[in-house]
Amino acid sequence: MTTTGPARIGPADDPVQPGDAAEIVVLVDDVPVAGLAGQTIAGVLMGAGRQSWRTTARQGRPRGVFCGIGVCFDCLVTVNGLRDVRACQRRAADGDEVSTHD
Ligand code: FES
């Protein structure tokens, strides 16, 4: 008897594979930042050495990636004019315009 496993979903079906790591450039607050295809915007920012990119409204405390899985909303940025994008959940694309905000 031949058995087959469940249909594969996830990384094997992802259109961007690790070997496809072409360089991309994202504009962060009008400054070009290099990243690799497949990285999230948070990954591009952290790869450039940024640990935080916004501050809290009341106390001005720094925020960047906290959970990394889309739950905490600490990593919010504006991408191509779309506000409140979770940087840890959005895959960066070449030419994206990212603005950080308080
Ligand atoms: S780091 Fe928590 S939602 Fe992005």
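Note: hydrogens, waters and symmetry copies are ignored here, and every other heavy atom, side chains too, is used. Note that ligands are numbered from 1 as they come in the structure, with each ligand's atoms numbered from 1 the same way.
Atoms of ligand 1 lying under 4.0 Å from any heavy atom of Gly70, numbered from 1 in the order shown and given with element: 3 (S). Ligand-side atoms of ligand 1 in range of Cys75: 1 (S), 3 (S), 4 (Fe), range being under 4.0 angstrom from any heavy atom. Contact atoms of ligand 1 toward Val71: 3 (S) (distance under 4.0 Å to a heavy atom of the residue). Of all atoms in ligand 1, numbered sequentially from 1 with element shown, those under 4.0 Å from a heavy atom of Phe66 are 1 (S). Every atom of ligand 1 with a heavy atom of Val65 under 4.0 Å away is listed here by number and element: 1 (S). Below 4.0 Å from some heavy atom of Cys88 lie the following atoms of ligand 1, by number and element: 1 (S), 3 (S), 4 (Fe).
Between Phe73 and Arg54, the shortest heavy-atom contact is O-NH2, 3.6 Å. Across all their heavy atoms, Val26 and Val98 have their closest contact at CG1-CG2, 3.5 Å. Annotation for Val77 and Ala87: closest pair CG2-CB, 4.1 Å, computed over non-hydrogen atoms.
Within the 4.5 Å cutoff, the side chain of Trp53 has no heavy atoms near those of the Pro62 side chain. Looking at heavy atoms from C-beta onward, Thr100 lies in side-chain contact with Arg50 at the 4.5 angstrom threshold.
Closest to atom 3 (S) of ligand 1, if we only count protein heavy atoms, is Phe73 N, 3.1 Å. What sits closest to atom 1 (S) of ligand 1 on the protein, heavy atoms only, is Gly68 N, 3.2 Å.
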List the steps and the verdict of side-chain contact (heavy atoms from CB on, under 4.5 Å) for Asn80 and Glu97.
CA-CA 5 Å; Asn80 301 328; Glu97 294 182 16; 3.8 Å; yes
Stepwise, does the side-chain contact (heavy atoms from CB on, under 4.5 Å) test hold for Leu27 with Val33?
CA-CA 6 Å; Leu27 286 177; Val33 176; over 6 Å; no
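Seen from atom 2 (Fe) of ligand 1, atom SG of Cys72 and atom SG of Cys67 lie 100° apart in angle, a value rounded to 10°.
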